[in-house]
Amino acid sequence: MKTDGSRTSESKAAEGARKSAARRTRETVIKGIAIAPGVAIGAVFDTSEVQAEAPRRTVDAGKVESERQRLAAAVAASRKQVSKLKARLGVLPEEAQEELEPLLDAYAMMLGDSRLIRGARRRIGDELLAAETAVQDEAEAIATIILAAKDDDKAGLRRRAGEVREIARRLTRNLTATPFRSLKGVPAGAILVAEELTPADAALLDPTRIAGVATEEGGADGHTAIMLRALGIPSVLACPGLTEAAARGDQAVLDGGLGTIVLRPGQAALETGRDALAAYAKEKARLAKLRRLPAVTLDGEEVELQANLEIPAELPLIAQAGAQGIGLLRTEFLFMNREDLPDEEAQIAAYTQVVEALAGDTVTIRVLDWGGEKDMEALAEGIGPFHAGPNPALGLRGIRMLLKRPELLEAQFAAILRVAGADTAQGQIRILLPMVTVPAEVKQAREIYERVQRRLRRKGVALPDKPPLLGAMIETPGAALAADAIALEADFFAIGTNDLAMYTLAVDRAEAEVAHLYDPLHPAVLRLVQFATEAALRLRMPVSVCGEMAGNPRLVPLLLGLGIRALSMNASAIPRVKQMVRSLKIDDCARFARRVMEQSDPQRIQELVMGFEAG
Ligand code: PEP
Ligand code: MG
């Protein structure tokens, strides 16, 4: 039986699948982007094989149209995913391209006007089934017919039935939009392999169970990457051809520092992996000894090394790393993986936990930065329809969204102020505004902030003697170039180089396709960092860097040379950065920065930065 499409493309797909299966028995090395250091050796757990949780469901006759629309949306999303996979085939060796292309074409065809989609649509109307149930039933019916066909090539029949089920699984995952909630059963020590992981998915990973993560999509400084670094899970993203090459249960060696995953390693690769694992553990133990030493340069200049915090689970890591406070608490975690908005009490509990754990050290709480890749159901449900626009990264993100829905900002300010009012928290908290582009946004936010203070005072709530400082993220070119004007409204700056690089270079920080163009060392980005830093220093206003740049020891000489004295990074990066700080002299850094800033070629800047030798 033929599910769809022409015989030619079907036999090509069969040939591709056969070759692919053969490839799945060989050692395969895939190079991606090195995201979080560490080595993992374990069995692959491929999430694309996970059956999304979709209990059988029927719907009322009045819901048929909306179910069909849900199905259409899931088909569109699935088609987009498959065509993205196809677009990236070009980076694979020719042999692998030949194997995968027909297979992906077959998938794309099944997501067109196919029997599967037509049948599912019909079942929604005829049998009043929910879209997920209709897809599953139709896929099973097609698979049963395929398997019963009179054909000697039984393996071929099983493969074709498998393809139909594979597409049904993809559709179901997209329909339920909760692929990773079903990951509770991942065996301990597994290496998670996925096409794509959202930041909210990554937040659910348990670092004590998952040894490593590799995905086909993703970029170096996207929020998924940041979350994985925060959790300290060795990770490699943007691995072309990964999901087709890997099968559940395959052994793999993943090196998050090198950015490689070796599937079905031979003896030599396995031994190299074991050596790397031992070397990494030794290095970690050595760095741990730096914990109590101060972050001071050889000529006595103190540098503040703070931690970024994504989820409270990281708190123990922060203590272990010897961070001097939190330079960026991303509060998005409070809004992730839930369907309603957290109320003031829930926020108070979360902030109190962090503030108490930091025992007097600074905690810089950034108010909600919704938008872009950080799409959150809680907001969609909690504040009603909210159109992200055709370019979510350029739409209502960060402070723009909060000023449009001031009730969200008010609740967050109120919760923070209540926590800051506790006797033990005096002077400990600072507040940060995300995605500022014009001074008026800081001004408007401050008016709301003062209004909330007046309201709380009227209610007799204990407030701190001095309210927490209100700072601005400098993470858009507009903010960086208007830094002198924004400095007149804000109490401090935190330079977010992740978004600054993204918006300056027009390169999505989470997109594998353009990852090669994402370069925080591009002279345009560095000039903006320099301009914003100097604007702050002229006013003697505190300024820090809290993008991923801050956690890269190789970039420390340049940042110190530009005048930065506070760096906030994922906790596990602190020891290496401290080691670098302790080997530097400020004069050398300043001279080095001047040399770098004279360059206009990003490649030359890379070479200079990588070649920097202290002393
Ligand atoms: C940044 O953009 O550099 C930043 C620190 O904010 P986030 O990564 O949360 O967008
Ligand atoms: Mg940002």
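None of the values given here were measured: they were computed from a predicted structure. In listed order, ligands and their atoms are each counted from 1.
- The N, O or S atom of E475 lying closest to the Mg ion (ligand 2) is OE1.
- Contact annotation for I226 and ligand 1: only side-chain heavy atoms (C-beta onward) come within less than 4.0 Å of the ligand.
- Using a 4.0 Å cut-off between charged nitrogen and carboxylate oxygen, R595 and E598 do not count as a salt-bridge pair.
- Heavy atoms of E332 stay at 4.0 angstrom or farther from ligand 1.
- Comment: R229 does not engage E310 in a salt bridge, judged by the lack of any side-chain N to carboxylate O separation of less than 4.0 angstrom.
- Per-residue contacts place M473 under 4.0 angstrom from the following atoms of ligand 1 (heavy atoms of the residue considered): 4 (C), 5 (C), 6 (O).
- Contact annotation: for R397 versus ligand 1, heavy atoms closer than 4.0 Å belong to the side chain alone.
- Relative to atom 5 (C) of ligand 1, the option among M502, E548, R330, E475 with the closest non-hydrogen atom is R330.
- Under a cut-off of 6.0 angstrom, the local environment of NZ in K443 is sparse, with at most 12 non-hydrogen atoms contributed by other residues, nucleotides or ligands.
- Close approach of ligand 1 to L328 (heavy-atom distance below 4.0 Å) involves ligand atoms 5 (C).
- Of all the heavy atoms of N308, none lies under 4.0 Å from any atom of ligand 1, so neither backbone nor side chain is involved.
- Here M549 has no heavy atoms under 4.0 Å from ligand 1, in either its backbone or its side chain.
- D499 contributes OD2 as its N, O or S atom closest to the Mg ion (ligand 2).
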